[in-house]
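Residues: numbered from 1 along the sequence shown. Bear in mind that the values here come from a model prediction, so they are computed numbers and not experimental data.
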Amino acid sequence: MVYEIGNETVDDALERVLAGERLDRTDGLALMAQPVESLAEAGAAVRDHFGDGTVDACSIVNAKAGNCAEDCGFCAQSVHFDTGIDTYGFLGPEKVLEAAKRAERDGAQRFGIVVAEKGVSKEHRPEEWAEVIEAIRLVRDECDLEIDASLGILTEAEAEILAAEGINHYNHNIETSPRYFPEVVDTHDFEDRVRTLEVAKAAGMDLCAGVILGMGETPTDRVEAAIALQEIGISSLPVNVLNPVPGTPMAERGVDITTEEIVKTVAVYKLLHPRSRVRLTGGREANLAPEEQHLPLEAGADGLLTGDYLTTEGQSPGDDIEIIERAGLEPNRETNDFDPEAVKARHGASTGSTTETAKTGTEPGDD
């Protein structure tokens with residue numbers, strides 16, 4: 001099938017992507033300057049060509065909240081900032097399993113166990129490590145879900161254990177471009193994140209790594225981040241949008257982002273990562289009106305983080321199914337069989353409705 005959008009730059013890039021060519025930094029910068037309507041059409045064409053017409057849903061559990069020693073400027077869970085969130089130690093395997101079963105009933109295909117700290121250390125915190133492994137085994141044995149994990153920095157030995165236990169994707173977001181990263185985090189650097197992704201990949205896990213938009217980065221930074229992810233090699237690209245948390249540096253800066261910028265970036269990311277799931281994750285409800293939330297899906301996105309985020313309530317899974325259908329797509333049912341109509345009825349979904357965001361706020365939820 002030949003796609004002709006009527007924009008020479010976009011048409012040329014699209015033709016090359018569909019022929020199997022990988023676009024580069026120069027292409028990404030040129031595309032970012034094009035009209036959002038042309039880019040959205042191209043992103044959808046790439047998704048339709050390489051995908052299966054479905055939107056993949058993942059869900060996460062905040063398995064350990066707060067008191068993180070890192071100073072990521074967007075994060076409600078950093079010990080460096082007074083954000084007023086509830087803090088707690090590792091929930092325990094049974095509570096993680098409960099969260100996984102809820103996610104399965106709500107139609108998620110993937111379930112991520114998230115721990116907010118620099119790294120769950122097998123050497124330094126062996127009891128916590130053992131509980132994480134037990135939780136993974138419970139979910140693996142009792143749910144029809146693909147299990148993902150976001151546990152911070154990994155050693156080679158830890159990564160090999162996680163892969164052997166059945167972790168499918170390891171999530172470790174790069175957050176932004178290498179250039180802009182020092183404006184966001186001081187306590188570790190961009191290469192620390194890249195090294196953990198390389199370790200996870202070498203152990204046999206697929207990678208889920210993405211960005212947070214709206215932190216004051218430039219369009220060039222957004223392209224540079226996508227190119228860095230090309231070099232790493234990922235299969236899921238979560239696109240978070242900053243939901244500023246009172247008490248964090250990002251909230252004090254007062255940065256923001258428009259709907260057009262979000263849609264345009266999603267489309268360009270799909271062109272730069274045609275075979276990866278481009279996934280809408282944390283902050284989308286705070287930055288997109290209910291009647292706009294289908295627009296990134298129409299621009300090539302083919303994944304969602306559904307349900308609650310790390311420290312705030314998210315949108316109901318029933319509402320997310322309606323958004324998927326409004327974009328002319330279907331929920332992915334490959335991993336677990338569920339009835340979308342039953343999910344919508346259970347959650348009282350109605351077109352354009354959303355759940356109220358918790359007052360405490362959160363950093364954008366990782367996939």
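- E260 CD to L295 CG: the interatomic distance, rounded to the nearest 0.5 Å, is 11.0 Å.
- With a 4.5 Å cut-off on side-chain heavy atoms, E158 and I161 do not count as touching.
- Residues W129 and I147 fall within the same hydrophobic cluster, defined by Ile, Leu, Val, Met, Phe, Trp and Tyr side chains chained together at heavy-atom separations under 4.5 Å.
- A salt bridge links E128 with K64: at least one charged nitrogen is closer than 4.0 Å to a carboxylate oxygen.
- In the hydrophobic cluster analysis, where Ile, Leu, Val, Met, Phe, Trp and Tyr join through side-chain heavy atoms closer than 4.5 angstrom, V36 is grouped apart from I257.
- N173 has its side chain within reach of N171: a pair of non-hydrogen atoms, C-beta onward, lies under 4.5 Å apart.
- In plain terms, the two heavy atoms of L213 and I262 that are nearest each other are CD1-CA, 4.5 Å.
- In this structure, I113 and D148 have side chains that are not in contact, with every pair of non-hydrogen atoms separated by 4.5 Å or more.
- Judged as a salt bridge (charged side-chain N to carboxylate O under 4.0 Å, His left out), the pairs with a partner in residues 32-53 (not counting sequence neighbours) are, in order, D52-R277.
- A donor-acceptor contact shorter than 3.5 Å links the side chain of D27 to the backbone of D24.
- From H172, atom NE2 reaches atom CD of E198 across 11.0 Å, with rounding to the nearest 0.5 Å.
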Which is it for R279 and V239 under the side chain to side chain contact (heavy atoms under 4.5 Å, CB included) test, yes or no, and what are the steps along the way? CA-CA 6 Å; R279 191 178 302 274; V239 180; over 6 Å; no
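- Looking at Y170, its side chain never comes within 3.5 Å of a backbone N or O of A159 through a donor-acceptor pair.
- Residue L271 is not grouped with residue V263 when hydrophobic side chains (ILVMFWY) are merged at heavy-atom distances under 4.5 angstrom, including chains of intermediate members.
- Closest non-hydrogen pair, I227 versus L23, comes out as CD1-O, 4.5 Å.
- Taking both residues in full, the closest heavy atoms of T9 and L31 are given as O-CD2, 4.3 Å, listed atom of the first, atom of the second, then distance.
- Here the options are E183, E175, R222, R179, the test is side chain to side chain contact (heavy atoms under 4.5 Å, CB included), and the partner is E217; only R222 passes.
- Here T265 contributes atom OG1 and L272 contributes atom CG; the two are 10.5 Å apart, rounded to the nearest 0.5 Å.
- A donor-acceptor pair under 3.5 Å is formed between the side chain of N287 and the backbone N or O of G283.
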Could you go through the side chain to side chain contact (heavy atoms under 4.5 Å, CB included) check for F111 and V96 one step at a time? CA-CA 10 Å; F111 178 73; V96 171; 4.0 Å; yes
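- No donor-acceptor pair closer than 3.5 Å links the side chain of K270 to the backbone N or O of A42.
- With rounding to the nearest 0.5 Å, the separation of CZ in R137 from CD1 in I133 is 6.5 Å.
- Both Y269 and I174 sit in one connected hydrophobic cluster of ILVMFWY residues. Membership requires side-chain heavy atoms under 4.5 Å apart, directly or through other members.
- Of the options L305, L280, L304, a side chain to side chain contact (heavy atoms under 4.5 Å, CB included) to D320 is made by L304 and by none of the others.
- Side-chain contact check for T176 and D221: no donor-acceptor pair (N or O, by modelled atom type) lies under 3.5 Å.
- M215 contributes atom CE, which lies 8.5 Å from atom CZ of R253 (distance to the nearest 0.5 angstrom).
- Side-chain contact between T220 and S177 is absent, with no heavy atoms from C-beta onward closer than 4.5 Å.
- Proximity of M250 to V245: side-chain heavy atoms (C-beta onward) are nowhere separated by under 4.5 Å.
- Looking at D106 and T306, their side chains never come closer than 4.5 Å, going by heavy atoms from C-beta outward.
- No side-chain heavy atom of I234 sits under 4.5 Å from any side-chain heavy atom of D206.
- Side-chain atoms of V185 and F190, non-hydrogen and from C-beta on, never get closer than 4.5 Å to each other.
- When ring centroids are compared, F181 and H188 come within the 6.0 Å threshold.
- The structure places NE2 of H49 at 5.0 Å from CG of L18, a figure rounded to the nearest 0.5 Å.
- The two residues A200 and L207 have their closest heavy-atom pair at CB-CD2, 3.9 Å.
- When the side chains of ILVMFWY residues are joined at heavy-atom separations under 4.5 Å, either directly or via intervening members, L29 and L39 end up in a single hydrophobic cluster.
- Taking both residues in full, the closest heavy atoms of P331 and I324 are given as N-CG2, 3.8 Å, listed atom of the first, atom of the second, then distance.
- A side-chain donor-acceptor contact under 3.5 Å links D11 to the backbone of I5.
- Side-chain contact check for H169 and S235: at least one donor-acceptor pair (N or O, by modelled atom type) lies under 3.5 Å.
- Using modelled atom types, no side-chain atom of Q109 and backbone atom of E334 make a donor-acceptor pair closer than 3.5 Å.
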